[in-house]
Amino acid sequence: MNAKRRMVSASYTVEASYVMAIVIFALAVLIQTAYSRCRTETGILRLQHAVEMVRGQGDEKVTQFTVAGMNGFAERTDKAAEGRITGNGWQKEISVNVHKPEAFMRMLTIFQSDGEGEQINANDR
């Protein structure tokens, strides 16, 4: 039972512990960055949702909201819907023109004929 043992220098163990510490630190930084980006994108999507909600309202309206520690508001005026969200040293603003389908439909009636004097009968030729 004379088994040959392979001896490894202690310096390999110390070097491996440094490499493992660097790898674990890199993973921690990547996970923290991913969570930060997720919070930011969630806030931006919530802002877009709030702006679209007030855009569809018929009257002027202001909505305030908080998501993931960020504060935001959305506001509708007569001509535009605007919103802003701020958090942790950054801010995002969105501005959209108000959609007024009734005004567009009124403009289309200008080009429609009312039927008087527009038709030519076959007997009139």
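We're numbering straight along the sequence, starting at 1. What you see is a predicted model; the values in this text were computed from it and never measured.
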request  = Examine Ile22 and Leu30 and state if one hydrophobic cluster contains both, with Ile, Leu, Val, Met, Phe, Trp and Tyr joined whenever side-chain heavy atoms are less than 4.5 Å apart.
outcome  = no
ask   = Does the ring of Phe73 carry Arg84 above it, NZ/CZ under 6.0 angstrom from centre and within 45° of its axis?
value = no
request  = Walk me through it: do Ile85 and Phe65 pass the test side-chain contact (heavy atoms from CB on, under 4.5 Å)?
outcome  = CA-CA 9 Å; Ile85 190 166; Phe65 60 92; 3.9 Å; yes
task = Specify the closest pair of heavy atoms between Gln48 and Ile94, including all atoms of both residues, with the distance to one decimal.
result = OE1-CD1, 3.2 Å
request  = Only one of Leu45, Ile44, Thr42 passes side-chain contact (heavy atoms from CB on, under 4.5 Å) with Val67; say which it is.
outcome  = Thr42
query = If you look at every heavy atom in Ala80 and Ser95, which pair is closest and at what distance?
reply = CB-OG, 4.5 Å
request  = Just do the side-chain contact (heavy atoms from CB on, under 4.5 Å) check on Trp90 and Lys92 with the steps written out, would you?
outcome  = CA-CA 7 Å; Trp90 67 272; Lys92 178 76 174 174; 3.6 Å; yes
message = side-chain contact (heavy atoms from CB on, under 4.5 Å) for Glu93 and Gln91? Distances and angles first, verdict last.
response = CA-CA 7 Å; Glu93 295 181 14; Gln91 72 176 13; 3.4 Å; yes
task = Answer yes or no: is there a side-chain heavy-atom contact under 4.5 Å between Val51 and Val96?
result = yes
inquiry  = Nearest 0.5 angstrom please: Gln64 CD to Glu75 CD, how far?
reply    = 10.0 Å
inquiry  = Using every non-hydrogen atom in the two residues, find where Met70 and Gly87 come nearest and quote the distance to one decimal.
reply    = CG-CA, 3.8 Å
task = Report yes or no: does Thr33 contribute a side-chain atom to a donor-acceptor pair with the main-chain N or O of Val29 at less than 3.5 Å?
result = yes
inquiry  = Just verifying a value: how many Å separate His49 NE2 and Thr63 OG1, rounded to the nearest 0.5 Å?
reply    = 10.5 Å
query = So do the side chains of Lys79 and Val98 get within less than 4.5 Å of each other, counting heavy atoms only?
reply = no
